[in-house]
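In listed order, ligands and their atoms are each counted from 1.
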Amino acid sequence: MFQRPVSENSGNITLNILDYDCISQVDQGDSVKQYLIKPETKVKLSKWDPNDTGDFKDGKKEGLSQLEKLNGKLDELQELLFAEHKHKVLVVLQAMDTGGKDGTIRGVFKGVNPAGVRVAGFNVPTSEELDHDYLWRIHKEVPGKGEMVIFNRSHYEDVLVVRVHNIVPSDMWKKRFDQINEFERMLAENGTTILKFYLHIDLDEQKERLQARLDDPNKHWKFRLGDLQERKLWPEYMEAYEDVLSKTSTDHAPWYIVPANRKWFRDLVISSVLVDTLEGLKMDYPVSGENLDGVVIE
Ligand code: AMP
Ligand code: MG
């Protein structure tokens with residue numbers, strides 16, 4: 001068992017996620033719990049290290065091999081989720097531009113059966129969406145029984161970009177924290193398991209990633225000049241994220257702050273949380289309603 005030093009944000013948890021096969025499920029959960037925001041915690045993002053790689057100092061190769069195991073595990077659990085047709089799983093991904101939402105979807109969900117997993121992306125609202133309350137378009141996309149849905153951006157944009165750009169008055173967006181908590185509580189009470197991940201990168205990392213997009217013509221489609229304007233608003237966004245993380249991490253829909261400068265570690269943390277949470281659902285394959293004893297296929 002490897003131990004990691006206790007960092008400022010890691011409380012007293014010193015377990016690791018190094019070898020999934022060798023540690024108990026409880027340990028597995030504890031190791032990633034250092035990234036979990038307990039309800040009512042005041043979050044200061046400058047205290048969270050985006051370069052954190054847990055116990056995997058220089059351990060990308062090892063990290064990737066663990067990730068592969070978790071990918072396989074997630075595939076099995078997702079099939080079980082689909083077969084059992086009981087639970088609903090919602091994964092929310094939020095990040096600054098270039099934070100790695102798309103990469104996470106590729107890295108964490110590779111191998112799962114696309115038939116039971118869906119990605120819902122939320123862009124600038126359409127005029128029809130704007131004619132409704134901000135949760136209208138969100139509610140339409142939540143998972144049904146047996147389904148896993150990944151939100152690439154979410155209703156949290158309505159207290160992030162909307163706040164930073166004064167798209168609605170402050171007395172309106174301020175009410176949304178409670179509204180969102182209640183909405184998520186309703187989903188949870190109706191069988192939805194909700195996991196929310198904030199992919200934490202820093203300004204330097206964003207610069208590198210934007211530059212890489214600029215340097216590669218095949219990545220120009222991802223680059224928008226508007227991203228540079230957003231980048232200037234980094235402090236405002238951090239403040240908005242801190243409020244989100246401080247006010248909307250609940251027992252029924254917790255936030256995780258995922259160190260995301262290292263893509264492989266980001267994927268490892270998220271995969272670990274997902275696998276651990278799905279295992280915690282104690283799912284079972286359904287038993288056939290028919291008597292299959294002695295059935296012979298000719
Ligand atoms: P991307 O994820 O890079 O494709 O960009 C999607 C864009 O949609 C981002 O600039 C978001 O800030 C923006 N967006 C998403 N939801 C909202 C919203 N509710 N209000 C305004 N802009 C939004
Ligand atoms: Mg973008």
Side-chain angles (χ1 to χ4, degrees), residues 45 90-109 118-142 149-181 183-184 196-245 247-248 255 258 260-261 263 266 270:
L45 279 169
L90 175 59
V91 177
V92 174
L93 299 179
Q94 281 290 156
M96 295 295 285
D97 287 322
T98 75
K101 299 186 301 306
D102 299 308
T104 297
I105 295 168
R106 278 199 305 275
V108 171
F109 298 94
R118 183 159 58 82
V119 178
F122 296 96
N123 217 308
V124 179
T126 63
S127 62
E128 190 190 19
E129 287 167 350
L130 284 173
D131 282 347
H132 293 78
D133 69 87
Y134 68 101
L135 292 174
W136 181 73
R137 65 173 182 165
I138 306 293
H139 203 171
K140 282 199 287 196
E141 299 289 353
V142 301
V149 173
I150 304 147
F151 277 6
N152 185 340
R153 301 190 191 266
S154 66
H155 41 305
Y156 286 98
E157 291 294 326
D158 293 283
V159 282
L160 290 164
V161 63
V162 161
R163 166 180 177 170
V164 171
H165 286 277
N166 292 311
I167 295 172
V168 304
S170 64
D171 60 342
M172 200 155 172
W173 61 253
K174 279 183 181 164
K175 292 195 181 104
R176 292 182 173 173
F177 298 111
D178 285 343
Q179 292 165 358
I180 288 171
N181 285 340
F183 171 67
E184 291 176 351
K196 302 181 296 200
F197 298 99
Y198 165 63
L199 315 181
H200 187 38
I201 60 164
D202 56 27
L203 258 180
D204 290 343
E205 183 67 19
Q206 190 192 51
K207 187 176 184 190
E208 266 183 43
R209 293 184 187 185
L210 284 172
Q211 190 65 52
R213 287 181 183 181
L214 202 53
D215 293 345
D216 180 354
N218 291 345
K219 288 189 178 167
H220 283 182
W221 64 276
K222 279 193 185 185
F223 189 95
R224 286 178 312 144
L225 286 170
D227 292 345
L228 301 182
Q229 295 308 314
E230 293 303 277
R231 178 172 163 76
K232 289 190 187 141
L233 295 167
W234 189 277
E236 285 83 353
Y237 270 107
M238 287 304 104
E239 205 184 323
Y241 266 110
E242 283 171 351
D243 253 3
V244 162
L245 296 163
K247 293 179 178 169
T248 63
W255 275 107
V258 182
N261 275 5
K263 295 169 183 171
R266 169 199 76 198
I270 296 175

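In summary, the atoms of ligand 1 found under 4.0 Å from a heavy atom of Asp158, numbered by their order in the structure, are 19 (N). Under a 4.0 Å criterion applied to the non-hydrogen atoms of Val162, ligand 1 contributes the atoms 20 (N).
When heavy-atom distances to ligand 1 are checked against a 4.0 Å cut-off, Leu160 has no atom that comes that close, whether in backbone or side chain. For Val161, every heavy-atom contact with ligand 1 shorter than 4.0 Å involves the side chain, none the backbone. Contacts with ligand 1 closer than 4.0 Å are made by side-chain heavy atoms of Arg153 only, the backbone lying farther away.
Checked for salt-bridge contact, Asp171 and Lys174 miss the test: no charged N lies under 4.0 Å from a carboxylate O. Salt bridge absent: Asp158 and Lys175 never bring a charged side-chain N and a carboxylate O closer than 4.0 Å.
Centroid-to-centroid, the aromatic rings of Tyr241 and His200 stay 6.0 Å apart or farther.
A donor-acceptor pair under 3.5 Å is formed between the side chain of Arg231 and the backbone N or O of Leu203. The backbone N or O of Lys101 lies less than 3.5 Å from no partner atom in the side chain of Arg153, so there is not a single donor-acceptor pair.
For atom 8 (O) of ligand 1, the closest heavy atom belonging to the protein is Val124 N, 3.2 Å. Nearest non-hydrogen protein atom to atom 18 (C) of ligand 1 is Pro125 CD, 3.4 Å. Counting only heavy atoms of the protein, atom 4 (O) of ligand 1 lies nearest to Asn123 ND2, 4.2 Å.
Heavy atoms of other residues, nucleotides or ligands lying less than 6.0 angstrom from NZ of Lys222 number more than 12. The neighbour count for Glu236 CD, taken as heavy atoms of other residues, nucleotides or ligands under 6.0 Å away, is above 12.
A donor atom on one side chain and an acceptor atom on the other are found under 3.5 Å apart for His165 and Glu230.
Selection from Arg137, Glu157, Glu230, Arg224 by nearest heavy atom to atom 10 (O) of ligand 1 gives Arg224.
Within the structure, the closest approach of Met96 to ligand 1 does not fall below 4.0 Å when heavy atoms are considered. Using a 4.0 Å cutoff on heavy atoms, Lys222 does not count as a contact of ligand 1.
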